[in-house]
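Structure, as structure tokens:
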Amino acid sequence: MIPGFVHRKRTDCLVSLGGLVVALCCSTAIADAPVIRVYPSRVTLDGAADRQRVIVQSVSADGRTRDLTSRARLVASVAHRVRIVGGVLEPLADGALDLVVTVDGRRLVVPVTVRHADMTSPVRFGLDVMPVLTKGGCNSGSCHGASRGQRGFRLSVFGFDPAGDHFRITREFVGRRIDLARPAESLLLTKPSEQVVHGGGQRFDAHSEMYRVLLKWLEQGAPRDPQDVSRVKRLEVFPSEVVLSGTRPGEDAAAESSHRLVVRAHYDNGTDRDVTGLTVFTSTNTASAVVSADGVVSGQRRGESFVMAMFGEHNVGLPVIVVPGGPVAAFPDLPVANRVDELIHRKLRKLRVVPSPLCDDSTFLRRVYLDTIGLLPQPSEYDRFIADKRTDKRKRLVDELLKRPEFTDLWVMKWAELLQVRNVKGGFFGWLRKRLLANVPMDRMVRELLTAEGGFFRDPPAQYFRQVGKPKILAENVAQVFMGTRIQCAQCHNHPFDRWTMNDYYGFAAFFAQLGSKRNWEDTREQIVFNKGSGEVRHPVDDRVMPPKFLGGEVPKLGRRDRRAVLAEWLTADGNPWFSRNLANIAWAQFFGRGIVDQVDDVRLSNPPSNPELLDFLANRLVADGYDFRKLIRVITLSFAYQRATEPTASNLDDRRNFSHASFRRLRAEVLHDCLCQATGVPSRLGGFPLGTRAVQLPVAAMSTEFLDTFGRSDRETVCSCEVDVQPNLSQALHLINGATTWGKIERGEVLKRLMTADDEPATVISALYVRCLARQPTVRERTRLLAAVAAADDRNEIYQELFWALLNSKEFLFNH
Amino acid sequence: MSCRGRADRAIRPLVTVCLVLAMVSTGQAQSEARSVVSASPRYLQRGTVATVLLRCAWLPSAEDILFYSPGLVCQGLTLLEQSKGLPPDGREYLATIRVSADCRIGQHRFRIRDRGGLSTLHTLYVGPLPRLAERSRATTFEDPQDVALNTTVSGYISDVGQLDWYRVMLKKGQRLNVDVQAVRMAQGLFDAHVTVFDARARVLAESDDTGLGLHDPITGLVAGTSGPYMIAIRESGYGNEGSYKGPRGRYLLHVGTFPRPLAVIAAGRISDKSVRMTFLGDPRGPFTQLLAVAADRNRSVFGTTTVTPTLGGQSAPTPHPIRINDLPTVVEAEPNDDWRKSPPSEQTVPVAFAGVISKPGDVDTFRFRAEKGQRLKIQVYARRLYSRLDSVLSVHRVRDGTNVAGGDDPPRRHRTSMFAYNSHHAGWFAQDAYTEMTANEEGMYSVEVADHLKKGGIDYHYRIEVTVIEPKLTLFVRRDPPYWRGTPGQSVSVPRGNRYAVIVENLRENCPEGPLSVAAVGLPPGVSLESPGLTSRRVPMLFTAVGDARRTASLARFRSSDPRGRPLDTQFEQSVFYGLNPPNYAFFGVDSERLAVAVAEDYPVHLELEPLGAPLVQEGESLLKIRARVGPGLRRKVRLSMLYTPPGISAELSGPLSDGERVVEMRLEANREARPGRWPIAVVSREATQLRGGGVSTQLRTLEVLPAFLDLVLTRAILRRGETVELKAQLEQKVDFSGGAKAELLGLPEGVTAGAVEIATASESITFRVTAGKTAPLGLHKTLFCRVSIPWRVAGGRMTTVVQRLGHGGQLRILETAAGPRQEGQGP
């Protein structure tokens with residue numbers, strides 16, 4: 001319980017928790033034989049320079065992985081065809097053989113093929129040299145990748161312009177950076193290896209693979225790449241999963257708490273190559289796992305991390321779980337409400353995290369009301385729900401709430417934020433509301449939106465294209481809103497933490513290049529947008545026309561079709577995981593305060609979903625249900641995961657990502673405002689809208705209400721989910737304590753008057769106020785102390801008013817929990 | 001730049017406009033225009049006699065009302081006692097107006113004729129339904145105002161966020177039509193929104209913008225059950241975008257079982273006895289009526305008129321604009337989607353086609369026969385007829401399928417010329433497709449029309465006119481800025497025995513070169529028009545009233561002919577705008593094809609412009625002499641100014657004139673870019689503001705502007721105090737003049753003198769002897785220039801003097817006197 005909450009005793013919860021503890025104590029550790037795996041499962045060595053590191057991993061029954069490579073014995077079945085040095089295979093002669101791996105008495109065989117063992121292939125600038133510059137950090141934004149470079153030497157940041165970089169290395173200041181007569185004397189080598197003074201320090205030494213690559217390229221004469229050079233198609237990282245034991249601060253990583261990684265690049269000519277030595281490794285959570293420059297990941301504290309491997313313009317990631325060391329208690333056998341729980345429990349089981357028990361009825365009632373319709377339960381609704389003894393009453397309640405118009409209002413508001421609906425004129429807000437009220441499937445709605453044509457006023461969804469003429473902004477917005485990914489970085493350079501390149505960016509922007517507009521001279525406020533059928537987007541580096549290309553997909557055949565229609569079809573196709581996952585994630589975040597990918601619009605390789613299987617399940621479910629949002633939300637809210645208490649268990653105290661307990665979430669500005677109006681029975685006059693208009697129903701972005709501003713209402717200027725600020729701060733507290741909103745509404749309202757007229761019994765009044773504000777009864781301690789205070793007061797009304805004020809100012813009121 | 005910033009900037013001028021309009025409406029106007037501020041009620045029922053309260057400014061002695069169309073007669077005009085809240089020059093009149101039973105449904109324009117002249121233009125709306133005033137505070141669902149079916153309610157949204165609620169009782173199966181007039185009230189931008197609910201507050205129908213209603217909502221339903229139905233009216237943005245308080249929040253709610261089609265297609269021509277009109281979009285389905293259209297009745301600047309359907313004895317409350325003329329009209333017959341198979345026709349040019357793009361993706365095609373060499377214009381009337389169609393045209397030669405012409409929005413030259421004068425028309429015009437073609441062989445051609453966005457519907461009707469390109473002259477009386485103040489300056493009030501001049505602008509389309517002559521028809525008795533030949537875009541016209549002319553007013557038309565005397569297609573256009581959107585585009589306008597001219601009472605200022613002496617040359621100057629007689633009784637000082645100045649010429653405003661008779665001189669100066677030619681000019685009095693539209697004029701005189709006679713460049717000179725130096729000027733003589741020209745060096749600093757110099761014929765330079773006095777100011781002086789006076793023989797043999805000011809920027813540096821011998825102890 002967070003400090004300052006109105007004190008509350010939770011007997012129901014304790015009972016549930018007790019049962020769980022018993023279950024935990026009864027369970028015992030399980031110790032089955034581990035599974036042994038060798039990575040990669042098949043090796044092809046192509047060319048004399050090709051190398052492949054092999055790693056051996058064991059996976060114990062409790063899910064932990066251990067790197068057994070150093071203990072394993074590697075033997076080639078045909079010894080003259082390969083040489084094995086420190087776990088690395090080197091080609092000697094063409095032919096097939098088996099690599100026999102023996103460890104802990106187990107024997108595994110990896111087929112190996114050697115081709116062109118006597119052929120030395122040249123070092124390529126784009127494929128070999130550029131990764132060295134990236135791995136060395138040479139082209140990072142803080143070094144030569146800065147817009148003005150360093151000391152006169154500039155590289156394209158993260159290597160988005162290989163041709164430009166080749167020019168600057170070989171042609172700019174001829175004779176300075178490279179010396180082809182004496183390659184080893186080139187500044188390109190002597191600087192990073194710090195044989196001469198280098199402001200950036202030593203990036204690699206003269207014995208490293210990186211040095212060798214550069215030297216060899218210089219010895220070749222620093223050639224430009226031929227047109228038909230093969231290109232990296234994809235990266236893969238081994239092993240496929242890593243579950244490490246944590247270490248304590250100061251300790252060295254034990255064998256079971258570190259693991260070597262291998263990165264293999266696949267080329268479009270069908271070959272592959274071990275590029276571990278040229279790969280940049282990063283960890284998204286160094287508190288749990290750190291990764292060395294040569295790809296050894298070490299477990300730290302219990303938790304999760306995601307290790308990113310970047311080679312050239314390609315990225316690949318690997319989730320790493322760190323569990324406590326020592327013997328493992330068995331995971332309790334938890335009941336599940338639906339598939340959501342199964343998938344969450346599966347993840348929690350890996351993490352050795354036991355979820356919190358279910359919350360009580362009153363907590364669930366308040367939580368689901370706030371999350372689903374943005375209002376508090378009315379006292380009569382509270383009474384009815386609490387009195388209901390049916391076992392499926394929570395399900396019935398959810399069904400009831402999903403049918404209420406306030407449910408639509410809440411989602412209209414969210415979509416209005418994402419689509420930047422900034423004013424009421426033109427009916428864009430009304431169009432959204434009608435669509436959602438009619439439960440139009442989201443895919444259809446998005447197709448209508450993305451292919452909208454016409455005037456802003458007469459064809460409201462056309463307002464989405466008010467940025468007409470700016471295909472880049474439209475592409476960024478569509479990617480962020482409908483795919484949940486931010487591609488803005490790739491406008492200027494290849495995305496450093498994601499897969500997006502400038503080609504992806506401008507190829508995607510090309511879908512909006514043919515959007516035309518004209519002013520409606522009958523009403524000059526209005527623009528008319530239409531598909532003009534011509535117009536292109538050009539790549540800023542080489543000015544080439546970019547054909548429209550789906551983000552992360554192929555270049556479609558367009559014919560004479562509206563490019564936006566082609567994009568909309570691809571985006572909303574059942575097989576497109578981006579769209580459905582994104583929608584599922586947005587829905588999930590509404591009920592848990594954070595997405596499975598968090599932030600919901602920041603899907604990237606380095607920010608993977610905390611539970612990919614869960615996200616896939618929800619996405620598939622959404623597709624299977626015909627993009628019916630209500631059905632998806634029903635699944636989410638009926639899961640036990642949603643119904644868990646906020647109180648943590650000993651093991652899930654630190655868990656913020658895996659939904660093992662409910663989280664405290666400050667109510668967003670509009671909902672808090674509406675709840676305040678609802679509790680006091682005094683609606684606010686919001687702008688020029690009719691009295692009784694709730695804040696969630698406001699179509700306009702600009703509202704000069706101090707309350708809403710203070711509590712972080714989105715002004716819909718960008719599509720970023722970060723526009724809605726739900727962080728508590730001091731001015732919010734001061735506004736509630738000193739501002740006119742709370743006290744003014746209490747004074748103007750007739751709640752107390754009605755309560756005292758109906759039944760002046762203090763216990764009844766106190767209880768009614770608790771139910772009205774917090775959707776629960778006062779605890780015994782609260783009741784006792786309040787009754788004493790009322791008995792001692794000269795003016796009951798005054799003490800009731802103060803109680804009312806205190807309840808509305810309590811954190812319990814401000815938060816959903 | 002943030003979106004918010006943009007929105008703010010877009011809204012700010014609108015808000016300013018609104019505030020000023022509100023000031024006008026509350027009688028706080030600073031303008032001294034004779035104006036009608038408000039009329040109440042604005043709505044009159046046909047066949048009734050109504051009493052209308054007219055709030056006016058600067059109309060102390062109103063005598064009559066000049067209506068622009070028949071059906072309304074002013075039977076009495078009574079001045080009310082000065083009531084509270086009116087400004088000193090405000091007046092209230094009670095007008096008794098008889099509305100004939102056959103009066104046209106729609107807006108009726110009028111001006112009040114005061115003894116001093118005509119007021120601004122205002123409108124009254126005539127409809128078929130009885131009027132009901134809005135009950136105050138019927139602003140909640142629970143407490144609506146009960147309204148009988150077939151009633152017109154005049155309502156008023158006074159507060160932001162306000163909803164007006166009405167309740168009507170319907171029987172099951174009964175039709176309810178709701179037609180709200182707000183923007184179409186000719187009052188400003190009040191963007192109304194209407195919603196129809198059932199008794200359980202479920203939305204049954206709603207409407208915001210429409211085709212026929214423009215920004216006004218039109219909706220309807222068939223009652224599913226018997227019982228009450230609720231109608232809510234609000235501003236579509238809840239008043240959050242701009243203020244609409246004041247008269248702009250007023251609306252008319254027409255509610256009932258009347259017919260309410262959304263489009264009309266006219267199949268005949270004016271010379272037919274009656275025209276077959278097909279009305280589309282009425283809930284009861286399309287219906288056809290034979291309606292008579294008078295040949296010259298209430299035509300707007302687009303040549304459109306209005307028709308109102310009647311069904312079961314009930315008329316629609318608002319009319320449909322139609323374009324009808326004497327062209328044979330072919331109405332579409334589906335299927336006609338493919339121009340290769342379009343229905344055969346032997347129609348020759350000129351011809352009109354009419355139809356409707358009835359569904360999304362629909363395309364309509366028509367055929368016509370053209371002669372070889374014919375230059376044709378093909379234009380669509382759709383938005384101008386309140387259709388939703390954003391038309392696109394394509395013309396094919398049927399023989400071989402060659403695409404010979406095509407067009408979307410009209411070319412910029414059309415739009416820009418229209419924008420200068422008639423912004424709201426320009427708006428509607430801007431999306432009606434227009435193209436021109438020359439038939440390079442005799443034969444069949446096919447014209448194809450579709451919607452730009454491939455949309456369609458019952459109210460996507462159109463009329464295409466294929467006509468031979470003929471010369472056309474369009475005349476405008478320029479609006480005096482600022483535009484939001486309405487119509488001052490757009491009517492003519494000539495004092496008896498005096499003159500009144502206006503600037504008429506014109507747009508020549510395919511007219512032959514040379515001056516076009518213009519005459520007025522229908523002026524009040526005793527008033528005559530003097531119009532110089534139209535040679536430029538802005539030309540003054542002078543109205544003169546004889547001394548015994550009767551005070552009256554009329555609506556005048558114009559006729560024109562080309563230099564060879566052949567009559568031209570002549571159109572006069574005048575618009576009054578409502579709900580202006582920055583930068584100066586209107587949401588609605590009322591227009592007229594006739595100019596209101598009145599004879600006013602005597603005016604105590606008389607002006608005569610003496611014959612002009614010398615021509616004005618580029619970089620030259622000239623003097624006008626005006627004989628002014630100012631009588632007593634004027635509240636303001638009289639000042640004189642040019643009615644307009646030809647390009648490159650400036651004139652100063654005269655000083656204030658006191659009572660009595662005197663000669664006033666006004667200096668004209670021409671710059672280097674002044675356009676040579678013969679310009680008709682006049683001097684007018686400006687004792688009241690421009691906006692009042694008052695004042696009188698001199699007669700028209702012709703100012704001759706000639707190219708510069710000389711070019712002169714002054715050299716620089718340096719001299720010490722007490723010295724005399726020579727300052728040379730290089731000359732280029734551009735015309736031959738017969739010697740005797742004299743040059744003076746002007747702009748010299750004090751204490752510096754230079755004598756005048758004679759310029760010999762063909763001389764290429766002159767030399768001034770410049771002497772600096774002992775006290776001449778030291779330093780560099782850049783103010784020198786020359787005035788050259790050249791004797792010149794004008795046509796007729798009279799000698800006169802042409803003056804040019806030249807050599808601006810000449811420099812003279814004055815130094816201290818030469819130093820004496822150095823004294824010991826002095827520094828270097």
Side-chain angles (χ1 to χ4, degrees), chain A residues 405 420-431 433-434 437 451-460 462-463 466-467 473 516-526 528-532 562 684-693 697-704 715-718, chain B residues 2-4 6-8 10-11 14 139-140 159-163 183 189 191 193 203 206 208-211 214-215 232 234-243 383 388 390 408-409 415 418-419 423-431 452-455 579-588:
Chain A
Q420 295 174 277
V421 182
R422 293 182 53 79
N423 56 50
V424 65
K425 273 284 194 250
F428 194 10
F429 192 86
W431 178 84
R433 192 164 193 279
K434 277 181 200 160
L437 268 178
T451 56
E453 282 191 322
F456 285 0
F457 293 170
R458 299 192 178 183
D459 303 278
Q463 285 187 51
R466 60 193 161 277
Q467 300 279 14
I473 292 178
S517 77
K518 63 179 182 180
R519 181 178 285 194
N520 177 5
W521 292 104
E522 296 161 27
D523 182 346
T524 50
R525 300 170 304 169
E526 188 180 39
I528 297 167
V529 298
F530 55 91
N531 174 37
K532 60 182 181 193
D562 185 343
S684 295
R685 185 62 181 255
L686 296 168
F689 295 93
L691 191 65
T693 302
Q697 294 174 315
L698 284 176
V700 295
M703 277 295 305
S704 55
D715 57 10
R716 302 178 191 171
E717 288 207 336
T718 71
Chain B
S2 71
C3 293
R4 180 181 290 177
R6 277 198 295 276
D8 283 349
I11 288 167
L14 182 62
T139 54
T140 60
D159 291 321
V160 290
Q162 178 181 330
L163 276 81
V183 166
L189 176 60
D191 189 0
H193 180 284
V203 175
E206 64 178 323
D208 189 351
D209 297 346
T210 50
L214 305 175
H215 283 278
R234 61 172 168 87
E235 205 271 346
S236 69
Y238 295 95
N240 268 13
E241 287 191 6
S243 164
R383 307 297 271 215
R388 283 180 179 266
D390 179 2
D408 186 358
D409 298 344
R415 278 185 277 158
M418 298 292 281
F419 285 163
S423 56
H424 86 279
H425 290 149
W428 292 339
F429 188 50
Q431 289 183 34
H452 178 203
L453 300 177
K454 305 282 183 286
K455 297 192 176 187
L580 286 169
N581 188 37
N584 194 26
Y585 298 107
F587 291 98
F588 191 76

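Labels below follow one simple rule: chain letters A, B, ... track the order of the sequence lines, proteins then strands, and each chain is numbered from 1. Note that this is a predicted model, so its numbers are computed, not measured.
- In this structure, the portion of B:T210 lying under 4.5 Å from any heavy atom of chain A is its backbone and not its side chain.
- Using a cutoff of 4.0 Å between basic side-chain nitrogens and carboxylate oxygens, A:R458 and B:D390 are not scored as salt-bridged.
- No part of B:K454 comes within reach of chain A, as not one of its non-hydrogen atoms sits under 4.5 angstrom from that chain.
- Within the 4.5 Å cutoff, side-chain heavy atoms of B:L453 are placed close to those of A:I528.
- Interface remark: B:D208 contributes no atoms to any contact with chain A (heavy atom separation under 4.5 Å).
- Salt bridge A:D459/B:K455: present, at least one basic N to carboxylate O contact under 4.0 Å.
- The contact between A:R685 and chain B is made entirely by side chain atoms (from C-beta outward), counting heavy-atom distances below 4.5 Å.
- Only the side chain of B:L163 has a heavy atom closer than 4.5 Å to any heavy atom of chain A.
- Atom NE2 of B:H452 sits about 11.0 Å away from atom NZ of A:K532, to the nearest 0.5 Å.
- With a 4.5 Å cut-off on non-hydrogen atoms, B:H193 does not touch chain A at all.
- For the residue pair A:P690 and B:G161, the shortest heavy atom distance occurs at CG-O, 3.6 Å.
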